Amino acid sequence: MDESFFADRLAAARERLAEAARDSGRAMDEVTIVAVSKHHPAESIRALAAAGQQDFGENYIQEFYDKNDSLHIDAIRWHFTGRLQSNKVKYAVGRFHLIHTVDSLKLARTLHNRAQQQETRQRVLVQVNVDGEEQKGGLALSELHGALDSIVALDGLDLRGLMCMPRYYDDPEDARPSFARLRELGEQSGRRLGFALEHYSMGMSHDYVQAVKEGATLVRIGTNLFGPRPSNR
Ligand SMILES: *Cc1c(COP(=O)(O)O)cnc(C)c1O
């Protein structure tokens, strides 16, 4: 696929985002698109970056290393958007601008310890299981406030906000209460902690318009930018 394919898709995604922002009285520059490139080849990332996309999200550490080694594009800001296993923490700290998926206090402590060893602070978001789904990752609503109190005390971590992946609804309008819940929880937490959380990572290809209307600051878009994911990996 050539560069114009990606330039066109990026322009379309930005246009929809601008419209959603306008509809909800927000400025477009309050929202950053994170292009989730998992399973897509490095060459697609290169083409989308050439079209002006700066933030990219990867879900698998090894895949990230392989692509980053072949790309060598300093301007890219990498986000980690997958489930992070404890044994991969040492390969993640310091390599990502932002880790979106801190889904337990245990993982937070492991990240903190590693960051301290590396004498760095890792920017993170805490993932919240907003719809209380059993099979899904993220902190339960009931444990969120307690966990955030502990996480802000970890010097190796720089808590920037919250992330969620709501249930899949055929009609994305139905996801709006879940997005609103994350935003509300974040604002409550900010009041408790005494500083405002900056980021709400919510919304994917199917429902990012709705997420922006409910206050997303980071939208994670894969398919609408890259096309369908190759399924053979
Ligand atoms: C894959 C993925 C996305 C992108 O999904 P699309 O539906 O392709 O836009 C967003 N967020 C997370 C956490 C993902 O794993």
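Because the structure is a prediction, the values reported are computed rather than measured. Below, all heavy atoms of this structure are taken into account, side chains as well, without hydrogens, waters or symmetry copies. Indexing begins at 1, ligand by ligand and atom by atom, following the structure's order.
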Novice: Taking only Lys NZ, Arg NE, NH1 and NH2, and the carboxylate oxygens of Asp or Glu, determine whether Arg46 and Glu43 approach each other closer than 4.0 Å.
Specialist: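 Salt bridge flag = yes for Glu43 with Arg46.
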Novice: Give yes or no for whether the N/O distance cutoff of 3.5 Å, strictly under, is met between Met163 and ligand 1.
Specialist: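 No.
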Novice: Hey, what do you get for CD1 (Ile33) to CD (Gln54), rounding to the nearest 0.5 Å?
Specialist: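 That separation rounds to 12.5 Å.
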Novice: Return the residue, atom name and 0.1 Å-rounded distance of the protein heavy atom closest to atom 13 (C) of ligand 1.
Specialist: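 I find the closest protein heavy atom is Thr81 O, 3.3 Å.
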Novice: Please determine if Asp207 and Arg176 form a salt bridge, counting it only when a charged side-chain N lies under 4.0 Å from a carboxylate O.
Specialist: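 No salt bridge links Asp207 with Arg176.
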Novice: Would His206 and Tyr169 count as a ring pair (Phe, Tyr, Trp, His ring centres under 6.0 Å) if you check the C-alpha gap in whole Å, the side-chain angles of each, and the deciding distance to 0.1 Å?
Specialist: CA-CA 9 Å; His206 176 62; Tyr169 296 96; 9.0 Å; no
Novice: Which bit of Arg229 is near ligand 1, meaning a heavy atom under 4.0 Å away: side chain, backbone, both or neither?
Specialist: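 For Arg229, only side-chain atoms sit under 4.0 Å from ligand 1.
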Novice: Record the part of Asn224 in heavy-atom contact with ligand 1 below 4.0 Å; permitted values are side chain, backbone, both and neither.
Specialist: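 Neither part.
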Novice: So, is Thr223 polar-close to ligand 1, with some N/O to N/O distance under 3.5 Å?
Specialist: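 Yes; the residue has a nitrogen or oxygen that sits under 3.5 Å from a nitrogen or oxygen of the ligand.
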Novice: Please list, in number order, the atoms of ligand 1 under 4.0 Å from a heavy atom of Ile221.
Specialist: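 Numbered from 1, ligand 1 contributes 9 (O).
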Novice: For ligand 1, which atoms, with element, lie under 4.0 Å from some heavy atom of Met165?
Specialist: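 Per the distance check, 13 (C).
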Novice: How far is atom 4 (C) of ligand 1 from the closest protein heavy atom, and which atom is that?
Specialist: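 In this structure, atom 4 (C) of ligand 1 has Gly222 N, 3.6 Å as its nearest protein heavy atom.
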Novice: Measuring from atom 2 (C) of ligand 1, which candidate in Lys38, Met204, Arg220 has the nearest non-hydrogen atom?
Specialist: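 Residue with the shortest heavy-atom distance to the ligand atom: Lys38.
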Novice: Any side-chain heavy atom of Glu30 sitting closer than 4.5 Å to one from Val212?
Specialist: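 When only atoms from C-beta onward are counted, Val212 and Glu30 do not touch, as no gap falls below 4.5 Å.
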Novice: Does the pair Lys67/Glu63 count as a salt bridge with the N-to-O cut at 4.0 Å?
Specialist: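 Glu63 and Lys67: salt-bridged.
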Novice: Rounded to the nearest 0.5 Å, how far does NE2 of His199 lie from CG of Leu98?
Specialist: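 Between Leu98 CG and His199 NE2, I get 6.5 Å after rounding to 0.5 Å.
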Novice: For atom 9 (O) of ligand 1, grab the closest protein heavy atom and report residue, atom and distance to one decimal in Å.
Specialist: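 Answer for atom 9 (O) of ligand 1: Ser205 OG, 2.5 Å.
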